[in-house]
Amino acid sequence: MNRFVIMGPQGAGKGTQAAQLTTGLGIPHISTGDLFRVNTAAGTELGIRARAYIDNGKLVPDEVTQGMVVQRLGEPDAAKGFLFDGFPRNTAQAIWLAATLDKLQAPIDAVVLLVAPEPVLLQRMLVRGRGDDTVEAIATRLEIYRRETTPLVDYYGDRVVQVDGLGQVDEVAIRIRAALVSSGVVQGG
Ligand code: AMP
């Protein structure tokens, strides 16, 4: 019971909460956005292929993203579990992930859905100031989230644990942990 996904719109605090949660659980935090940023900064072939999509707030093609994920899953630390942050982002990626994990007999145990009202999301993004946080890219990402990522809530069904992302970082972290404990996917204490 240590394979998780965290999802939610941009600005909901996924990255921050994912970092806290994975430290607490002793599992790797696998952020596809971070992996792409490492690759673009290093100028790898993958980074060069992904760059234009990222700058425009569009999804990098599934086969590129999935290739990167499969490589990350093959690293030894992923054997003890993981938390995906920013992946899967559409139904095709979720179906691919299920098939990949099926072979390892290691399904996703729970999906943390972090929610916050839209004005809060926009405010948080403006203070974040990332290179791809232009007005246009932000709008594109929100639109893609609504259209392509929200159907995953139905896809994962009763594995979804919804948590309110409003409040201080530590408060939200405690809320996530409590929600996972009460749904029986993480041990209390
Ligand atoms: P993030 O850090 O999660 O906001 O991701 C930054 C950017 O990386 C996104 O806007 C996409 O261009 C790309 N990206 C991250 N994860 C994925 C994914 N699962 N599928 C496709 N593109 C992704």
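As the structure lists them, so they are numbered: ligands from 1, and atoms in each ligand from 1. Count residues from 1 along the sequence.
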Would you call [X] and [Y] a salt bridge, taking side-chain N to carboxylate O under 4.0 Å as the test?
{"X": "E171", "Y": "R175", "result": "yes"}
{"X": "D133", "Y": "R128", "result": "yes"}
{"X": "R89", "Y": "D62", "result": "no"}
{"X": "E118", "Y": "R146", "result": "yes"}

### Task
Before giving the answer on side chain to side chain contact (heavy atoms under 4.5 Å, CB included), spell out for V115 and V163 the whole-Å C-alpha distance, their side-chain angles and the decisive distance to 0.1 Å.
CA-CA 6 Å; V115 295; V163 180; over 6 Å; no
With a cut-off of 4.0 Å, which atoms of ligand 1 are near a heavy atom of [X]?
{"X": "Q93", "result": "18 (C), 19 (N), 20 (N), 21 (C)"}
{"X": "T65", "result": "18 (C), 19 (N), 20 (N), 21 (C)"}
{"X": "R37", "result": "2 (O), 6 (C)"}
{"X": "K58", "result": "11 (C), 12 (O)"}
{"X": "T32", "result": "15 (C), 16 (N), 17 (C), 19 (N)"}
{"X": "R130", "result": "1 (P), 2 (O), 4 (O), 6 (C)"}

### Query
When rounded to the nearest 0.5 angstrom, what is the spacing between CZ in F84 and CZ in F4?
13.0 Å
### Message
Looking only at distances, can you tell me whether any N or O atom of V60, backbone or side chain, sits closer than 3.5 Å to an N or O atom of ligand 1?
### Response
yes
### Query
So is there a nitrogen or oxygen of G86 less than 3.5 Å from a nitrogen or oxygen in ligand 1?
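N/O-N/O distance below 3.5 Å exists for this pair.
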### Summary
If you compare R89, M125, E148 by their heavy atoms, the one closest to atom 3 (O) of ligand 1 turns out to be R89
### Query
Hey, any chance L25 and I176 share a hydrophobic cluster, counting ILVMFWY side chains that come within less than 4.5 Å of each other, even indirectly?
yes
### Task
If you have a sec, work out which protein heavy atom is nearest atom 23 (C) of ligand 1 and how many Å separate them, to one decimal?
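Of every protein heavy atom, F36 CE1, 3.7 Å lies nearest to atom 23 (C) of ligand 1.
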### Query
Which heavy-atom pair separates P151 from T91 by the least distance, and what is that distance?
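Shortest heavy-atom separation between P151 and T91 comes out as CB-OG1, 4.1 Å.
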### Task
Take every heavy atom of R141, measure it against each atom of ligand 1, and state whether any distance is under 4.0 Å.
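Within the 4.0 Å threshold, so yes.
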